Structure formats: structure tokens, C-alpha cells
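Report on one structure; see the data block that follows.
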Amino acid sequence: MEERYNPQTVEERWQQQWAADKTFKVTEDPSKPKYYCLEMFPYPSGRIHMGHVRNYSIGDVVSRYKRMRGFNVLHPMGWDSFGLPAENAAIKHGTHPSKWTLENIDFMRDKQLKRMGLSYDWDREVATCLQEYYRWNQWLFLKMYEKGIAYKKRSYVNWCPSCSTVLANEQVNEGLCWRCSSVVTHRELEQWFFKITAYAQELLDHCDKLPGWPERVLTMQRNWLGRSTGVEVDFAVEGSGEKLTIFTTRPDTLYGVTFMSIAPEHPMVETLVKGKQQADAVRAFCQRVMREDKAERTDESREKEGIFTGTFAVNPLNNEKVPVWVGNFVLMDYGTGAIMSVPSHDQRDFEFAKKYGLPIRVVIQNADKDLDAATMKQAYVGEGAMISSGPFDGTPNAAGKDRVAEYAEQKGYGRRTVNWRLRDWGISRQRYWGTPIPIIYCEQCGTVPVPEKDLPVRLPVDVEFTGKGLSPLAESKAFRETTCPNCGGPARRESDTMDTFVDSSWYFLRYCSPKFDKAPFDKKAAAYWMNVDQYIGGIEHAVLHLLYARFFTKVIRDLGLFDGDEPFKNLLTQGMVIKDGAKMSKSKGNVVDPDFIISKYGADTARLFSLFAAPPERDLEWNDQGVDGAYRFLHRIWALVHKFHGRIESVKPAGREAAGDPLFRKTHLTIKKVTEDIERQFQFNTAIAAMMELVNEAYEYTAKDVRVEKLPVVRTTLDALVQLLAPFAPHIAEELWAGLGYEQPIANAAWPNHDPEAIVVTEVTLVVQVNGKVRSKLVVPAGLSDEETKSAALADPKIQELTAGKAPKKVIVVQGKLVNVVV
RNA sequence: GCGAGAGUGGCGGAACUGGCAGACGCGCCAGACUUAGGAUCUGGUGGGCAACCAUGGGGGUUCAAGUCCCCCCUCUCGCACCA
């Protein structure tokens, strides 16, 4: 054993050893409890960043800890390797996306992740851009197509002009592209969708069955799903046989309707304006609104505008004629794209009515009975009794909702419905570097799925990357032109690729049997390993990846491939790594390079600091001097072990006879504390602090020469310390373990248990308060009764002096801790 | 606006069912060893001379409040014309 800790040599040695021994290779073993620990796999951008270091350090502690506790731990890693940056690099530098991506993967695996000493089973590595993986995307797509879950439709979609592709709703934030923050526009296109809405109710219900998920993620998912119940009501359009159907959550206000509003995209616009004098003005209005980009369109502060179509519709409840308007705030893709407007009880309608001089009628009266349409300053949205509502007058509006709904259903012009904010997932991408959608268009046979035997539809390599015009696939004649699998006639391939979120929606299943070639995964292997016991990743995927993965799991279940409803039992969302109060970014110049830290201090220090500086869920403020502290701590442990190296290997650890020895006691307390901190929501920061305390105490204990009879205690302490350290700083732990004379790697050693007998106390320090203020402390034997404790406290001279002989009003005793004398 | 989370020394953060606020680390101060120290070790370190005062602010409950209750302020994140 070297005198001084040298992380570079130690780390290299053990990384090679683990690789040579295949220490972390696992197979299904029914005799052992399994544990599946997973960190979100990275996009191979070329370099890992501190967020990755933190993410994988957390996962590695969990995995190594569970291993030491006797679990058969599946801990895999792979690459989310389809995506735009590869294609952009191709356009800019002329490197093929495949070359760029595979080189990045090699670099990140061999030069970065492997240098971190992570306990992955590298034999299970997957890369989504390889046909061995993406063929199963295509296979799943075909199964979903058969079941009607994958379908094509023409609709208005989000278009990012910078990425030149369509985006799903989840991928637009405040009107901006999630990836490049460009302003998103609208386009009417024919696109492939996954019917995630068919699973909306189940996705919502199962939110209640995920107690291991952070509440805020579940809240975000519930909000995103956005279930609302209401009623659809048909209004007859005057002068035509057609009807206009609206959706409302407030059927209790149906008698207050004074006009209607429809979306500019509504298919009935043309019918409504036909032959009217304002027809051209309405068409122009619709055109203008539809040209607006998503950010403008959904800006809440935007002025509400509208235009009368010239046509009236009839409210079926009271047979009143109300004008039909087109409103710029009405959304085509929510509800029916048409709404009834009740200015008295809806703030938006109120403002709209005031602006255009439309009538206002109160139909819910408040408790003070002072609502008056003529004097109202804003809509009244509270509770009250229904008025001016025909047969429903006097009904409390809450009950009225149901009564009106029922009435409308009976009369045949209304029905109760559920509406979701969630839209179907648009998965077509007009880009090259993704999974080709396995569909062929035949002039004769129409849309024909690629037969399963013809999978995979491979991405052609010989395409051009110009960054202009259509995507490379659409421009490639060789790819596009094909024959119909049905009739053999000329046909054209679908040239869109799948959203890369498809890839990450089931990769956790692929890890269970990554080489399986008969199906996406081996059902038996998945039955053994699934679910993921602990999933760890960033909060930014709260409603993207995490929702899609839940959806896919249910679809895969319904395809009969897997028995389970949910993929991830427990979810840990780690905080960001920040520096100088801001997220690390090139533009701010506050990026800390993991390679630099690892080269300078070693991976163990990098891991230790990223776990020590904050609890995992919170943001972590990077501090270069804090890293020095972690480094110093490892040096201190090294020096401690080295001090006894050579004369302790043959010493047996202390047994119960050592009870009462302060270091022995502290050692067992530390085992208890570290174990509890890991079990209790992964409080790694306090677990490490506890180890530091033990080291400090061991330094004190061994400052002078240690007598021979105390060596067993020292042995116990050093053994435990190294075992506890092993999941956090595995390389140095291996080296020290060997230094203590062990021949088997600590990666396979057992986690220590604390001995309850060893932490029993014989004396306690009693805090004595007078009127709630600490006035004295005294050491008393443990296990005193309340009465004995009280006497001991009152006998204390300091307390006697303060109470001045007066009898206390009251004495509170907290056994073994505290006495409060109230005078 | 709605929802969630947070506010504790110079800094990152501890404090489990209410029971010694500030564990542990950084930084800082002093000392030791040193030609030297940005290495290492030892000690000290919330404020105040003190009584005392201190967990965003103000009330309250309690023998006792960072922790429980009420009101308010600030910050972060998510959602936000969803009818």
C-alpha cells in the first residue's frame, strides 16, 4: 500500500479489474431478490456534463448499496442516439450522422463513463440508432397500426421552422420549440399519431398508484392530462339543417347564453358565412388569426377579438336566437372547437361582450342577490341559485349542472362527455436521423404496412445532407421508390421518421434482454427484472419521456408482451448542477468540465462531492473548494488505514467485549446512521457527513499510540468505514479493503450491520432548563425513571440557585434527554 | 391567476414523531511542522463586552416552536384563454 493516496493509479487498476472479472454482469437468478436501478440514458452529444456525473453517481450508490445488501442488481447503460444534433453536425461538417454518433458513443463510454467507475453491466449496452434496436420500434409501430393506435390524419400541427420538423404538443413550451426555442408555427399536414388519448383515463387513474413518485411530477402529469367533465349541446343553425355542437363544463349557465363563438379553423365557418355580406371580412379574419404563430396565439394577454358571421343559432333550452361569432381565443383542438358564451358568468365572455356590445344576462344569483347585468364589472363565477332559467329557477347551481345535463340528454340534444387537454401524440418527423416509419403508399392498395418479415426498414447511408428542401429521406429516390408488398406495383415509402421519444419509451424493457432477436424483448426476462425499482433522472422529463413511457408500457401490456401497468416503481428527480447561482452553460462561461475534475482529483472525489454538497432532489451549487474538501476527506481515510497497514491485517475485529469503548460505539452508530440515510430517501449528504464524523473521531482516538488491546476496535472501525464508503467512492474503497488484508473485492462484500448492544448507553447528558432556557447539563446514568430524573435535576446546585428555594410550579421530564423546571 | 416546493451563519447545508438551532463540509482566524505553503496536523469560528438576541416578517398554541395553527412577504419550478 502506497503511503500517499494517488487516485489515478488506484482508479485505473480497479476499473481494469472490474472489467476483467465482469464483476457487474448479471443474469436472471430466481434464488435472489432482484433490483433494477436505472438512470435515464444520455444523448451522445460528445461529452458528458456535471448533470450526468451527478445522475450516475446517485444511481451507482443505489446499485452498489443494493448489491452489498444481497440483491441481484440490474444496472444498465445505453444511448438515446437518434436525434437532431447528429444531423445538424452532418449538414455543418459533412460527417455522416452515423459516424458522428458512433464516435461520440465510443468516446463517452470509454473515455468518460468508464473512468467514473460505474457499476454497469456493459454487456447490456443498447444504442437506439442501431437497426438491432430500431427495428423493434418499427415492429411495435406495426402492432400499434394493427390495433388502430397508430393512425394517420390531416390536422394542424406544431411546426418548428428552425428544426424543419413537426413537434408534439408536449414538445412546445410557451409557444417555443423545446429543443431550440424557436417560435413554433402551425401547418396543416398529414401526420402519424399514436392514440395516447385512448389511455388518458388509465394514465390518470394510475397516478394514484405511484406512491414512489414525487408528488409534483404526478401533479404535472395530471395537469397535462387535464380531464374535465361537461356536456355537449347541439344548437340548430338558422337557415340550414345543420347544427353546431358546443362543449361546456357549465351547463347550469345554459340559459345565460347570449352568443356563440367558434374557432377560426372550424369547418362550419364557410357554411355560416355563405351568402352573407360580411363573408369576406370573416374569411380575412380567420386567415389572419390562423397565420399567427403558437406563441402569439396562446399569449394570454392578447386582446380577445372576434367577428360576427351573420348567422344565428338556436339555444335548444329556451329556443332563443343567438348570434354566432368567430373568436380568436377559441381553440379548434379542444372540445368541439365551438363554445357557448355566457358573459355574466365567464370572464372571457364578459370582456368579449363588453367590447362588442353584446347582451349580458344573469342566470346565477349570488347570496346577496345584488347581481345586475347592467352594473356588473366582472363575471360572477361563484355559487348561487339559478334564475331566468325556466324550469330550473331556484335550483342551486351545483345541483343544476347535473339536472340540466340530464334534461338535455332526455331531450336528445345533449350528452355528457369527458374532455381531455391531452392530444394524440404526433410522431412524424421530417428528418433523417430517426427510425423510418414502416409504411408504404401504393397507388392501387393505398396505405400498406411493411410486412414484418421485411423489417427493418433500414436508414439508407448514401443520402445527402444539404439542410435545404425536404429531408434527406424524402429527397432520396432510392429510398422512396419501392414496390407494393401487396400487389407488387410501384409504390412510395413513407419518408418521415419517428419522434425520438419513441425510442426511449421502452428501452428499459430492452435492457432485460438486449440481444433478443425474436421480439422487442424476452417476456420471461422482463417478468423477472421489471419493474424498474429505482429510476433516476432530471425533472425536465416530467411530462415528456415519463408520460410516453407510461403510455408505451400500457400498450405493450395490451399487446400481451408484458404483465404490468407501470414501468417505474420509484422515481427520483435529481436537481440541476448550478454554478454561481445559474445553470451551467457555455454562454455564461460557468461550465465545469467533468474530465478536468476527474483528471485532477479522480472519479471518487468527483462522485463524493456531487453527493455531499446537496441532497439529490435539490439543485447543487458547484464549489471548487468544496471539491478540495471531498478530496481531503479521502486522503484522511487513506492516511488512517495506512497508519495501521502492516500490523492490523491479522487482528480480528472487536466483539461485544468492546462495548463501552467510544470509538466502537461511534462505529456502530455510524453504520446505523449511514444505512438509515440511504434507505430514507437517499440522504447521501448526511450519510457522508456521518462518515466524516467517524473519521474525525478515529483520528482523535489514534492520535497517540494505540495500545495493542485496542487494535480490534480500530480494525472494526476501519473495516466498517471502508464498507460504508464503498458505494460512494468505490475505487479507493477497493484499494483500502485490499490494504486491510481482504482478498475478495469489496464490490462483492456484504454491507455491515450495526449491533444494537454496541450502541447502548450507560450514561446520558441531561439538559436542564428553567422556564425553557438551558441552565445546566448533567451526566446521569441511563434509564432513570421520571421521578429520579427530576430529583437529579432539582438537586443540581445551579438549578437550586436559580429557583432560589421556591417550589417549582411544574417540572417536565423527557426521559434521557431533558428536564424543564417551570417557576 | 392556479398548483407544487423553498426561505436557517460569510457560503453549501444539518436538525427523525415539537425537546441543547447551526451536525458535516467550505471559507476565515490562530498555532504546530516547515526554506516555503495554495501540503498536512491541532485549536477556534452565528451576533453581542454582557444580560441576552437569533431559523423571511407579524401574530398564536405550548412548560418548550426552524418544526404545529393563522395572516403577510420573497424566491424557484410547473401550468395558464382548455370553454
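Numbers restart at 1 for each chain; the letters A, B, ... are given by sequence-line order, proteins then strands. No hydrogens, no waters, no symmetry mates; every other heavy atom, side chains included, goes into these values. Note that the structure is a prediction, hence the values are computed from the model and not measured.
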*Arg227(A) side chain N/O closer than 4.0 Å to the phosphate oxygens (OP1, OP2) of C82(B)?*
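No, because none of the side-chain N or O atoms of Arg227(A) sits under 4.0 Å from OP1 or OP2 of C82(B).
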
*Toward the 5' end of RNA chain B, which comes first, Lys304(A) or Asn771(A), by nearest nucleotide?*
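Counting from the 5' end, the first nearest nucleotide belongs to Asn771(A).
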
_With the threshold set at under 4.0 Å for non-hydrogen atoms, list the residues of residues 249-268 of chain A touching RNA chain B in residue-number order._
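Of all residues in residues 249-268 of chain A, the ones placing a heavy atom under 4.0 Å from RNA chain B are Thr249(A).
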
*Taking only heavy atoms on the protein side, list every residue of residues 216-226 of chain A lying under 4.0 Å from any atom of RNA chain B, sorted numerically.*
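Contacting residues: Arg216(A), Thr219(A), Met220(A).
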
*Determine, for nucleotides 19-34 of chain B in 5'-to-3' order, which nucleotides have protein heavy atoms under 4.0 Å from the base (write B), from only the sugar-phosphate (write S), or from neither (write -).*
BB--BBSSS-------

Between the protein and nucleotides 47-53 of chain B, which nitrogen or oxygen pairs come in under 3.5 angstrom?
unit_1 : atom_1 : unit_2    : atom_2 : d
C52(B) : OP1    : Arg775(A) : NH2    : 3.2

*asked:* Is there a ring pair (Phe, Tyr, Trp, His ring centres under 6.0 Å) between Phe259(A) and Phe352(A)? Walk through the geometry before answering.
replied: CA-CA 10 Å; Phe259(A) 63 102; Phe352(A) 198 87; 5.5 Å; yes

*Looking at residues at least two apart in the chain, or sitting in another chain, which of them share a salt bridge (charged side-chain N to carboxylate O under 4.0 Å, His left out) with Glu265(A)?*
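With neighbours one apart ignored, the set is Arg297(A).
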
*Just jot down the salt bridge (charged side-chain N to carboxylate O under 4.0 Å, His left out) partners of Glu540(A), sequence neighbours excluded, or say none.*
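In terms of salt bridge (charged side-chain N to carboxylate O under 4.0 Å, His left out), with neighbours along the sequence ignored, Glu540(A) is linked to no residue.
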
*Which dot-bracket notation, 5' to 3', represents the base pairing of RNA chain B when pairs are defined as Watson-Crick or G-U with both distances under 3.5 Å, crossing pairs as [ ], and inter-strand pairs as |?*
(((((((..(((......[....)))((((((.......))))))((....))..(((((..]....))))))))))))....

_Under the side-chain hydrogen bond (donor to acceptor under 3.5 Å, both in side chains) test, residues paired with Ser341(A) that sit two or more places apart_ =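 side-chain hydrogen bond (donor to acceptor under 3.5 Å, both in side chains) check on Ser341(A) returns Ser261(A).
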
*side-chain hydrogen bond (donor to acceptor under 3.5 Å, both in side chains) with Thr249(A): which residues, sequence neighbours excluded?*
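Not a single residue meets the side-chain hydrogen bond (donor to acceptor under 3.5 Å, both in side chains) criterion with Thr249(A).
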
Table please: side-chain donor-acceptor pairs of residues 769-779 of chain A below 3.5 Å, with sequence neighbours left out.
unit_1    : atom_1 : unit_2    : atom_2 : d
Asn771(A) : OD1    : Val823(A) : N      : 3.0
Ser776(A) : OG     : Asp796(A) : OD2    : 2.9

Between the protein and nucleotides 6-9 of chain B, which nitrogen or oxygen pairs are less than 3.5 angstrom apart?
none

*Find out whether Phe350(A) and Met376(A) are in side-chain contact, i.e. whether some heavy atom of one side chain is under 4.5 Å from a heavy atom of the other.*
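In short, these two side chains touch, coming nearer than 4.5 Å.
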
_Arg415(A): partners by side-chain contact (heavy atoms from CB on, under 4.5 Å), with sequence neighbours left out_ =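 Applying side-chain contact (heavy atoms from CB on, under 4.5 Å) to Arg415(A) gives Glu232(A), Asp234(A), Thr245(A), Glu409(A), Thr417(A).
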
